[in-house]
Amino acid sequence: MSTLLVTGGAGFIGSNFVHYVLSHTSHRVVVLDALTYASSGSALQGLPADRVELVVGDISDAALVGDLARTADAVVHYAAETHNDNSLVDPAPFVQTNIVGTYTLLEAARLHGTRFHHISTDEVYGDLPLDDPAKFTADTPYNPSSPYSSTKAGSDLLVRAWVRSFGLEATISNCSNNYGPRQHVEKFIPRQITNVIDGVRPRLYGKGENVRDWIHADDHSSAVLRILEHGRPGETYLIGADGEKNNMEVIRAILTEMGQDPSAYDHVADRPGHDLRYAIDASKLRDELGWTPEFTDFEAGLRDTIEWYRKNEDWWREQKAAAEAKYANTGH
Ligand code: NAD
Ligand code: DAU
């Protein structure tokens with residue numbers, strides 16, 4: 001049995017990873033999370049107290065991070081500022097958490113010789129044209145577009161430098177867009193589901209032609225666990241489940257699943273610098289580590305996700321007003 005230090009474990013994907021680890025391994029988990037607006041105190045509720053500990057703190061706190069890295073067998077680093085729209089309003093916390101925070105963790109892992117896995121995004125590669133079958137691979141040059149994606153790219157490059165210069169035993173994964181339970185309602189899918197629940201028409205940025213490559217959060221978790229246990233140090237693995245859909249298709253699917261007219265949505269102002277298309281070639285992960293996704297039916301995964309938001313209004317109701325107040329200021 002090992003102890004994993006999971007940063008950002010009270011957020012969307014981090015909490016799904018903690019639940020996944022608890023039910024699929026015998027590892028113990030220490031979650032380090034600053035409990036920002038994006039987290040939820042209840043994300044870890046119901047998990048066995050002898051296997052999960054929540055430490056409330058900042059990943060930029062070198063003393064705290066040093067103590068935790070010393071007693072962990074591995075760091076799995078999810079904590080980040082994650083929303084592109086927020087990064088366009090105020091990039092400062094993105095630079096602080098995503099770059100300075102990652103640097104702080106890397107130094108702690110270097111000092112204590114702790115195995116490190118860095119969670120990153122496909123957005124570091126920029127975007128692809130709509131009319132081109134090309135996909136991102138680990139050899140695609142970095143070309144991030146937004147303050148969010150550029151700070152994630154910066155954090156990836158720090159990890160690569162710590163591997164090469166200091167021999168840190170680290171791996172990186174770059175995953176596509178996740179969906180599933182406990183995603184903050186500022187994000188596209190939960191925003192539209194909760195809009196429909198509230199009788200508000202879903203909002204599509206620009207023409208709605210932008211393509212995202214959707215993967216269920218549990219498939220992201222199984223891939224991260226596989227890389228953590230079998231990945232080669234120094235390597236980068238791309239995680240994706242061949243789930244390309246344009247935003248209009250996703251909105252229409254949500255409306256249909258929720259018993260509404262599939263065309264009952266509004267077009268609103270486009271996101272500045274809006275990336276056109278993301279698509280992942282995950283063959284390295286599939287061929288080298290034998291990983292395959294389980295949730296290949298997007299409509300079925302979406303139905304379960306809608307059901308989760310219907311049943312857990314207590315979880316998102318308070319977040320919703322704050323998220324929509326922020327959007328009201330940007331015309332979205
Ligand atoms: P999220 O915004 O839902 O959660 C982020 C968590 O990090 C929150 O619990 C928050 O409290 C915590 N956090 C933020 N700043 C912190 C700090 N300074 N110290 C400690 N904790 C802090 O994010 P998410 O969507 O679950 O994304 C998690 C990770 O996965 C991020 O690194 C993100 O870049 C990456 N990722 C996300 C997606 C996606 O589709 N959401 C896809 C690929 C990669
Ligand atoms: O690709 C991985 C990335 O996916 C992660 O690194 C990010 O942390 C995560 O937030 C996500 O980024 P996106 O910008 O793709 O996700 P978002 O949910 O904000 O938007 C998805 C698409 O939907 C995008 O093309 C913008 C569009 N959109 C979004 C909102 C909130 C709308 O059309 N309407 C909306 O109301």
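Counting starts at 1 for both ligands and their atoms, following the listed order.
Every atom of ligand 2 is numbered from 1 in the order shown, and the set under 4.0 Å from a heavy atom of Arg203 is 32 (C), 33 (O), 34 (N), 35 (C), 36 (O). Heavy-atom proximity to Tyr327, at under 4.0 Å, picks out these atoms of ligand 2: 31 (C). With ligand atoms numbered from 1 in the order given, ligand 1 contributes 2 (O) to contacts under 4.0 Å with heavy atoms of Ala38. Atoms of ligand 1 lying under 4.0 Å from at least one heavy atom of Cys175, given by number and element, are 42 (C), 43 (C). The ligand atoms of ligand 2 that sit less than 4.0 angstrom from a heavy atom of Asp122 are 1 (O), 2 (C). Residue contact check: Ala10 has heavy atoms under 4.0 Å from atoms 9 (O) of ligand 1. Each of the following atoms of ligand 1 lies closer than 4.0 Å to a heavy atom of Tyr148: 33 (C), 34 (O). Those atoms of ligand 2 that come under 4.0 Å of a heavy atom in His274, given as number and element, are 24 (C), 25 (O), 26 (C). Atoms of ligand 1 found under 4.0 Å from any heavy atom of Leu35 (numbered from 1 in listed order, with element): 11 (O). Those atoms of ligand 2 that come under 4.0 Å of a heavy atom in Tyr278, given as number and element, are 1 (O), 15 (O). Below 4.0 Å from some heavy atom of Thr121 lie the following atoms of ligand 2, by number and element: 1 (O), 2 (C), 3 (C), 5 (C), 6 (O). Atoms of ligand 1 found under 4.0 Å from any heavy atom of Asn178, numbered from 1 in the order shown, are 39 (C), 40 (O), 42 (C). Every atom of ligand 1 with a heavy atom of Asn177 under 4.0 Å away is listed here by number and element: 40 (O). Near Gly57, meaning under 4.0 Å from one of its heavy atoms, ligand 1 places the atoms 19 (N), 20 (C).
Annotation: Leu32 places no N or O atom under 3.5 Å from an N or O atom of ligand 1; distance criterion only. For the pair Asp85 and ligand 2, the shortest N or O to N or O distance does not fall below 3.5 Å. Every N/O-N/O distance between Ser60 and ligand 1 stays at or above 3.5 Å. In terms of polar-atom proximity, Arg212 is counted as a contact of ligand 2, with an N or O under 3.5 Å from an N or O of the ligand. In terms of polar-atom proximity, defined here as any N/O pair under 3.5 Å, Asp58 does make such a contact with ligand 1.
Side-chain atoms of Lys320 and Arg191, non-hydrogen and from C-beta on, do get closer than 4.5 Å to each other. A 4.5 Å side-chain heavy-atom check between Val89 and Thr330 finds at least one atom pair inside the cut-off. The side-chain heavy atoms of Phe136 and Asp213, taken from C-beta on, include no pair separated by under 4.5 Å.
For Pro93, the heavy-atom gap to ligand 1 stays at 4.0 angstrom or more. For Ser120, the closest heavy-atom approach to ligand 1 falls below 4.0 Å. Heavy atoms of His332 stay at 4.0 angstrom or farther from ligand 2. Ligand 2 lies less than 4.0 angstrom from a heavy atom belonging to Glu186.
Nearest approach of Arg226 to Gly290, heavy atoms of both residues: NH1-O, 3.2 Å.
The side chain of Gln192, and not its backbone, has at least one atom closer than 4.0 Å to an atom of ligand 2 (non-hydrogen atoms only; side chain from C-beta on). The proximity of Thr82 to ligand 2, defined as any non-hydrogen pair under 4.0 Å, involves the side chain as well as the backbone. Within the 4.0 Å heavy-atom criterion, both parts of Lys187, backbone and side chain, lie near ligand 2. Of the heavy atoms in Asn177, both backbone and side-chain atoms come closer than 4.0 Å to ligand 2. When heavy-atom distances to ligand 1 are checked against a 4.0 Å cut-off, Ile119 comes that close through both its backbone and its side chain.
Remark: side-chain polar atoms of Asp127 are paired, donor with acceptor, to backbone N or O of Leu276 under 3.5 angstrom. Without hydrogens or angle criteria, Asn312 side chain to Trp308 main chain gives a donor-acceptor distance under 3.5 Å. Judged by distance alone, with hydrogens and angles left aside, the side-chain atoms of Thr140 form a donor-acceptor pair with the main-chain N or O of Thr137 at under 3.5 Å. Side chain of Thr114 to backbone of Ala69: a donor-acceptor contact under 3.5 angstrom is found. For the pair Trp214 (side chain) and Glu244 (backbone), a donor-acceptor distance under 3.5 Å is absent.
The heavy atom nearest to atom 28 (C) of ligand 1, considering only Phe12, Tyr78, Tyr37, is found in Tyr78. The option from Ala80, Ala79, Gly8, Ala34 that lies nearest to atom 14 (C) of ligand 1, judged by heavy atoms, is Ala80. Here atom 18 (O) of ligand 2 lies nearest to Phe188 when heavy atoms of Trp214, Phe188, Phe136 are compared. The heavy atom nearest to atom 16 (C) of ligand 1, considering only Thr97, Val65, Ile215, Val31, is found in Thr97. Relative to atom 14 (O) of ligand 2, the option among Met248, His83, Arg271 with the closest non-hydrogen atom is Arg271. Of the candidates Gln183, Glu123, Glu81, Arg191, Arg191 brings a heavy atom nearest to atom 36 (O) of ligand 2. The closest non-hydrogen atom to atom 1 (P) of ligand 1, taken over Thr121, Thr7, Thr82, comes from Thr82. With atom 32 (O) of ligand 1 as the reference point, the heavy atom nearest to it among Glu81, Gln183, Lys152, His83 is part of Lys152.
Nearest non-hydrogen protein atom to atom 10 (C) of ligand 1 is Thr36 OG1, 3.3 Å.
Aromatic ring pairs are classed by plane angle as parallel below 30°, tilted from 30° to 60° and perpendicular above 60°; the pair Tyr179 and His216 is perpendicular. Under the 30°/60° scheme for interplanar angles, the aromatic rings of His24 and Tyr20 are found to lie parallel. Ring geometry for Phe94 versus Tyr148: interplanar angle over 60°, hence perpendicular rather than tilted (30 to 60°).
For the residue pair Glu186 and Tyr37, a side-chain donor N or O sits within less than 3.5 Å of a side-chain acceptor on the partner. A donor-acceptor contact closer than 3.5 angstrom is absent between the side chains of Ser155 and Asn98.
Cation-pi check for Arg182 over Phe12 is not met; the charged atom does not lie both under 6.0 angstrom from the ring centroid and within 45 degrees of its normal. Note that Arg286 lies outside the cation-pi zone of Tyr237, set by a 6.0 Å cut-off to the ring centre and a 45° limit from the axis.
A salt bridge links Arg317 with Asp198: the distance from a Lys NZ or Arg NE/NH1/NH2 to an Asp or Glu carboxylate oxygen falls below 4.0 Å. Using a 4.0 Å cut-off between a side-chain N of Lys or Arg and a carboxylate O of Asp or Glu, Glu107 and Arg110 qualify as a salt bridge. Salt bridge status for Arg201 with Asp261: absent, with no side-chain N to carboxylate O gap under 4.0 Å. No salt bridge links Lys245 with Glu249; every basic N to acidic carboxylate O contact stays at or beyond 4.0 Å.
By the 6.0 Å contact criterion, CD on Glu229 is enclosed, its count of non-hydrogen atoms from other residues, nucleotides or ligands being greater than 12.
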